[in-house]
Amino acid sequence: MLAEQLQDVEARIQAACARAGRRREEVTLIAVSKTKPKEMIEEAYGLGIRTFGENKVQELTEKQEALPKDIHWHMIGHLQTNKVKYILDKTELIHSVDSIKLAETIEKEAAKRNLISKILIEVNVAEEESKFGIKMEEVLPFIKKISIFPHIRICGLMTIAPFVENPEENRVIFANLHKLSVDITQKNIDNVKVNILSMGMTNDYEVAIEEGATMIRVGTGIFGKRDYKI
Ligand SMILES: *Cc1c(COP(=O)(O)O)cnc(C)c1O
């Protein structure tokens with residue numbers, strides 16, 4: 001079942017890339033394995049997937065320890081400052097930086113370990129009350145403030161679009177985040193490259209690819225529905 005679902009997602013990614021005149025290599029598929037057992041991750045690994053996303057620190061570190069070391073782990077969920085120290089040397093990319101305090105903590109902990117932590121800024125494009133992330137107009141001043149941190153590398157922007165019945169409704173959200181990334185690139189800020197656009201989930205990743213996503217985060221579409229009761 002997993003193999004078929006993965007094939008279906010892959011075919012849809014390729015079709016969306018073709019529609020947008022983009023190369024398949026421009027889009028990284030992050031398999032969002034949160035709440036799913038290690039066996040399912042191993043199955044996806046066996047099918048060639050090496051990039052997984054988790055949204056809880058403890059779950060990420062447990063899976064990272066138990067599973068093959070060539071897996072790239074992405075932290076996609078809200079991150080509390082007191083938990084930064086557990087994941088810094090275990091994650092490829094933190095998608096969810098949304099406060100100066102969090103950036104300062106990442107800087108401090110990365111400096112201690114003598115590493116450079118790659119991050120994305122989480123942007124609440126739709127300004128939903130229930131969501132984390134900073135507002136569009138706050139992004140540039142925020143980037144300017146944290147770009148001076150030597151142990152952080154700002155690599156791009158991330159957004160979680162609203163849940164909508166028709167993914168077309170999110171097209172404008174993705175287009176706006178893309179435009180913001182172009183605007184920021186034109187400012188040529190030292191130490192800042194906003195090449196990564198992490199946007200699009202099971203419901204809307206094809207539209208996100210058409211609007212310039214370079215990373216899509218797909219959970220349900222690969223692993224099936226999540227059961228939060230277990
Ligand atoms: C759970 C989650 C996803 C994956 O959602 P699906 O709808 O299952 O594809 C993507 N991004 C974030 C931040 C998530 O928490």
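The shown structure was predicted, so the numbers you read here are calculated from the model rather than taken from an experiment. Start at 1 and go down the list; that is how both ligands and their atoms are numbered.
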Can you tell me which residue pairs pass the side-chain hydrogen bond (donor to acceptor under 3.5 Å, both in side chains) test with a partner in residues 137-157, sequence neighbours excluded? E107-H151

Near V218, which atoms of ligand 1 are under 4.0 Å from a heavy atom of that residue? 9 (O)

Has ligand 1 got any nitrogen or oxygen that is less than 3.5 angstrom from a nitrogen or oxygen of K34? yes

Lys/Arg N to Asp/Glu carboxylate O, K34 vs E54, below 4.0 Å: no

Which atom names give the shortest non-hydrogen contact between A213 and M199, and what distance separates them? CB-O, 3.4 Å

Over all atoms of both residues, closest heavy-atom pair of L93 and I119: CD1-N, 3.8 Å

Taking distance alone, with N or O pairs closer than 3.5 Å, would you say G219 contacts ligand 1? yes

Per-atom filter on ligand 1: closer than 4.0 angstrom to a heavy atom of T220 are 6 (P), 7 (O), 8 (O), 9 (O)

Are I154 and I146 packed together at the side-chain level, in the sense that at least one heavy-atom pair is separated by less than 4.5 angstrom? yes

among protein heavy atoms, the one nearest atom 12 (C) of ligand 1 is I76 CD1, 3.5 Å

H95 near ligand 1 by a heavy-atom separation under 4.0 Å: no

Results of ring pair (Phe, Tyr, Trp, His ring centres under 6.0 Å) for F223 - residues two or more places apart only: none

Distance (rounded to the nearest 0.5 Å) between T220 OG1 and K225 NZ: 8.0 Å

Identify the protein heavy atom lying closest to atom 9 (O) of ligand 1, giving its residue, its atom name and the separation to 0.1 Å. T202 OG1, 2.5 Å

Using a 4.0 Å heavy-atom threshold (strictly under), name the region of I160 that reaches ligand 1: side chain, backbone, both or neither. side chain

Contact check: N55 vs ligand 1, nitrogen or oxygen atoms, below 3.5 angstrom: no

For atom 5 (O) of ligand 1, what is the closest protein heavy atom, and at what distance to 0.1 Å? M201 CE, 3.5 Å

Does D183 pair with K187 as a salt bridge, N-O distance under 4.0 Å? no

List every atom of ligand 1 that sits less than 4.0 Å from any heavy atom of R217, numbering the atoms from 1 in the order shown and giving each element. 4 (C), 9 (O), 10 (C), 11 (N), 12 (C), 13 (C)

